S.K.: 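Just dropping this structure here.
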Amino acid sequence: MNKVELEKIKQKALQEHIPIIMDDTLQVIDKILKEKKPKKILEIGTAVGYSAICFSEYLQNNGIIDTIEREEDRVKEAKENIIKADVKEKINILYGDAVEILPTLNSKYDVIFIDAAKGKYPFFLKEAIRMIEKDGIIIADNILYKGYVMSDYNKHKQRTAVRNLREYIKQITENPNMETQILEVGDGLAISKIVNN
Ligand code: SAH
Ligand code: MG
């Protein structure tokens with residue numbers, strides 16, 4: 001992987017206010033991936049490919065990341081970025097709405113990273129559970145959503161997102177086949193290890 005290019009991709013995304021994974025969040029996931037050495041990763045929400053490029057460093061030989069993005073411009077830029085970063089062979093970008101694409105996928109994944117429309121998190125979870133390996137890990141970003149999720153202030157326009165993020169947290173904490181941690185890094189990170197699937 002080309003780290004100089006990676007830094008350029010990051011700076012451009014920050015300048016253009018494209019949402020990319022925060023440094024402290026990335027550090028936590030780096031550690032998990034380093035230990036896990038995944039063969040297959042699924043990412044929901046590519047943006048311009050920054051996180052996928054970062055994750056690709058921890059794949060096993062011949063490992064692959066499938067990543068889904070619904071905005072055409074971002075898909076285009078992500079495709080350019082994975083070439084620049086020299087990881088084209090490791091990242092497979094799927095263009096379309098994850099709500100439609102996920103049900104068509106039938107692979108198993110060691111790690112699934114959810115980082116897209118917050119209102120769809122319960123649906124993404126259902127699909128992630130269907131495709132996660134027996135000892136896999138499901139990770140969700142932005143799970144605390146600027147603190148809205150844990151506050152009782154409920155009258156902002158993000159109400160649907162907040163309701164669905166709460167539903168996601170409820171499901172992962174109540175699921176007997178998961179060991180879940182919720183960390184206050186970045187915008188909140190939920191890490192659910194499959195223990196007994
Ligand atoms: N993982 C990226 C950041 C993703 S930002 C990184 O850290 O570098 C979230 C992205 O998800 C946005 O680009 C948005 O267009 C996309 N997205 C949101 N809802 C989606 C959906 N239902 N299907 C596919 N992509 C979606
Ligand atoms: Mg995010």
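On a predicted model such as this, the values are computed, not experimentally measured, just so you know. Order of listing sets the numbers, starting from 1, for every ligand and every atom in it.
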S.K.: Is there a donor-acceptor pair closer than 3.5 Å between any side-chain N or O of D141 and the backbone N or O of L189?
M.R.: no
S.K.: Examine the proximity of ligand 1 to D141 and report which part, side chain or backbone, both or neither, has a heavy atom under 4.0 Å away.
M.R.: neither
S.K.: Could you tell me the residue and atom name of the protein heavy atom closest to atom 22 (N) of ligand 1, and the distance to it rounded to 0.1 Å?
M.R.: D97 OD1, 2.9 Å
S.K.: Going by atom types alone, do Q11 and Q15 pair a side-chain donor with an acceptor below 3.5 Å?
M.R.: no
S.K.: What protein heavy atom lies closest to atom 5 (S) of ligand 1? Include the residue and the distance to one decimal.
M.R.: P19 CG, 3.5 Å
S.K.: From the options K90, K34, K3, select the one residue that forms a salt bridge (charged side-chain N to carboxylate O under 4.0 Å, His left out) with E57.
M.R.: K3
S.K.: For atom 7 (O) of ligand 1, which of I21, I53, I114 has the closest heavy atom?
M.R.: I21
S.K.: Measure from atom 1 (N) of ligand 1 to every heavy atom in G186, A98, G45, A13 and give the option owning the shortest one.
M.R.: G45
S.K.: Go through ligand 1 atom by atom and flag the ones less than 4.0 Å from a non-hydrogen atom of G96.
M.R.: 23 (N), 24 (C)
S.K.: Can you tell which part of E43 has a heavy atom less than 4.0 Å from ligand 1: side chain, backbone, both or neither?
M.R.: side chain
S.K.: Please tell me whether S51 and E43 have a donor and an acceptor in their side chains that are separated by less than 3.5 angstrom.
M.R.: yes
S.K.: Under a 3.5 Å cutoff, is there a donor and acceptor pairing between the side chains of D86 and N2?
M.R.: no
S.K.: Give the residue, atom name and distance (to 0.1 Å) of the protein heavy atom nearest atom 9 (C) of ligand 1.
M.R.: D115 O, 3.1 Å
S.K.: Check for me whether V48 has a heavy atom closer than 4.0 Å to any atom of ligand 1.
M.R.: no
S.K.: What does the angle at the Mg ion (ligand 2) come to, between atom OD1 of D115 and atom OD2 of D141, rounded to 10°?
M.R.: 100°
S.K.: Considering residues, nucleotides and ligands other than E35, do more than 12 of their heavy atoms fall under 6.0 Å from its CD?
M.R.: no
S.K.: Need the ligand 1 atom indices (1-based, order shown) with element for anything under 4.0 Å from a heavy-atom of S51.
M.R.: 1 (N), 2 (C), 6 (C), 7 (O), 8 (O)
S.K.: Quick check: A117 and ligand 1, any N/O pair under 3.5 Å apart?
M.R.: yes
S.K.: I need the atoms of ligand 1 closer than 4.0 Å to a non-hydrogen atom of E71, numbered in the order shown.
M.R.: 15 (O)
S.K.: I'd like to know: is the Mg ion (ligand 2) within the 2.8 Å range of an N/O/S atom from N142, strictly under that distance?
M.R.: yes
S.K.: For atom 17 (N) of ligand 1, what's the nearest protein heavy atom and its distance?
M.R.: A116 CB, 3.7 Å
S.K.: Which of the numbered atoms in ligand 1 are below 4.0 angstrom from a heavy atom of I20?
M.R.: 6 (C), 7 (O), 8 (O)
S.K.: On a heavy-atom basis, I'd like to know which of R70, E69, M22 is closest to atom 10 (C) of ligand 1.
M.R.: E69
S.K.: Where do D23 and K10 land on the salt bridge (Lys or Arg N to Asp or Glu O under 4.0 Å) test, with the steps shown first?
M.R.: CA-CA 11 Å; D23 289 338; K10 179 185 178 185; 3.0 Å; yes
S.K.: Quick check on the Mg ion (ligand 2): does D187 put an N/O/S atom closer than 2.8 Å to it?
M.R.: no
S.K.: Give me the one residue out of Q171, K170, R163 that meets side chain to side chain donor-acceptor pair (under 3.5 Å) with E167.
M.R.: Q171
S.K.: Which ligand 1 atoms does Y50 reach within 4.0 Å, using its non-hydrogen atoms?
M.R.: 8 (O)
S.K.: Should one rank E72, K120, R74 by closest heavy-atom distance to atom 12 (C) of ligand 1, which comes out on top?
M.R.: R74
S.K.: Look at the aromatic rings of Y145 and Y148 and report parallel, tilted or perpendicular, splitting at 30° and 60°.
M.R.: perpendicular
S.K.: If only atom types and distance count, is the side chain of E77 paired as donor or acceptor with the main-chain N or O of V48 below 3.5 Å?
M.R.: no
S.K.: Any side-chain heavy atom of I53 sitting closer than 4.5 Å to one from I9?
M.R.: yes
S.K.: Nearest 0.5 Å please: distance from the CE atom of M1 over to the SG atom of C54.
M.R.: 5.5 Å
